[in-house]
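Structure first, commentary second.
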Amino acid sequence: MDEVTLDEHLPESKVKWFRRGLKAWAEQCLRDFPWRHTTEPYRIFVAEFLLQQTDAPRVVPVYHRFLERYPTIYDLAAAPVDELAEILRPLGFHFRAVHLLTSAGEIVERFEGHIPHTEGELLELHGVGRYVARSVCTNAFAQGLAVLDTNIARILQRFFGLPLSRARARNDPFLWQAAQRVAPKREVGIWNLTLIDFGAAVCTARNPKCSICPVQKRCYHARHSTDAEANALIEPSGP
Ligand code: SF4
């Protein structure tokens with residue numbers, strides 16, 4: 001997709017209207033989680049790792065237990081993998097323990113125990129993808145990087161009537177560009193959280209709550225929900 005196509009799908013006036021609507025919603029409805037009260041890079045890094053493909057409320061007790069047992073990156077890097085896997089067991093995905101341990105070792109060895117602060121460096125770490133890298137940059141280092149996962153992709157596709165990607169949505173370069181275009185210039189971290197919570201509470205994968213949605217009036221999906229194309233948008237595109 002080229003820039004002209006992006007402009008066609010995301011007219012500035014509609015983007016601004018969408019931002020205003022969701023910002024007003026967020027003032028009342030943003031959820032409260034412990035990792036949202038810190039900008040400490042290690043805590044943010046841990047939280048983003050634990051949150052991958054997992055409902056945020058399930059992560060809370062594990063996050064507390066984890067930080068109690070491994071308060072620093074050095075404690076984590078020295079952890080026995082079986083012990084770490086046991087702490088992470090309620091979240092599933094055994095590979096998460098291996099990835100976390102490996103990346104902690106890399107941070108200690110290559111970055112002298114400091115969490116890297118650029119997207120490129122974070123992406124070099126074992127098990128770190130674009131979503132986690134950009135979340136860490138934005139939440140720990142105040143960089144204005146938008147994130148994209150299947151839930152955010154779904155919201156953007158529905159509201160703006162973006163074309164469906166044949167690729168998995170979270171890997172689609174066009175949708176990454178769209179996510180950055182839609183994000184405000186300031187407070188991108190809060191904006192990312194707004195989309196995450198809006199996707200969990202209102203624009204859900206199945207049975208979106210359009211009747212109570214603050215941006216329903218200009219939503220492409222709400223207007224075309226009987227069209228085959230729009231119906232296809234409600235299908236989740238991946239984990
Ligand atoms: S109107 Fe419905 S489909 Fe559109 S953004 Fe709101 S909840 Fe999602």
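Numbering of ligands and ligand atoms starts at 1, following listing order.
With respect to the salt-bridge test (charged N to carboxylate O, under 4.0 angstrom), the residues Glu86 and Arg89 qualify.
Contact annotation: for Gln216 versus ligand 1, heavy atoms closer than 4.0 Å belong to both the backbone and the side chain.
At least one N/O/S atom of Cys203, from backbone or side chain, sits under 2.8 Å from atom 8 (Fe) of ligand 1. Among the backbone and side-chain atoms of Cys219, none of the N, O or S atoms lies under 2.8 Å from atom 6 (Fe) of ligand 1.
Sparse packing is recorded around CZ of Arg43, with 12 or fewer heavy atoms of other residues, nucleotides or ligands lying under 6.0 Å away. More than 12 heavy atoms of other residues, nucleotides or ligands sit less than 6.0 Å from atom CD of Glu12.
Thr138 places a side-chain N or O within 3.5 Å of a backbone atom of Gln143 that can act as its donor or acceptor partner.
Cluster membership for Phe160 and Leu22, using ILVMFWY side-chain heavy atoms within less than 4.5 angstrom, is shared.
Between Phe33 and Tyr63, the ring center distance fails the sub-6.0 Å criterion.
Every atom of ligand 1 is numbered from 1 in the order shown, and the set under 4.0 Å from a heavy atom of Cys213 is 1 (S), 5 (S), 6 (Fe), 7 (S). Near Arg158, the atoms of ligand 1 lying under 4.0 angstrom from a non-hydrogen atom of the residue are 3 (S).
Ranking the protein heavy atoms by distance from atom 2 (Fe) of ligand 1 puts Cys210 SG, 2.3 Å first. For atom 3 (S) of ligand 1, the closest non-hydrogen atom of the protein is His221 CD2, 3.3 Å.
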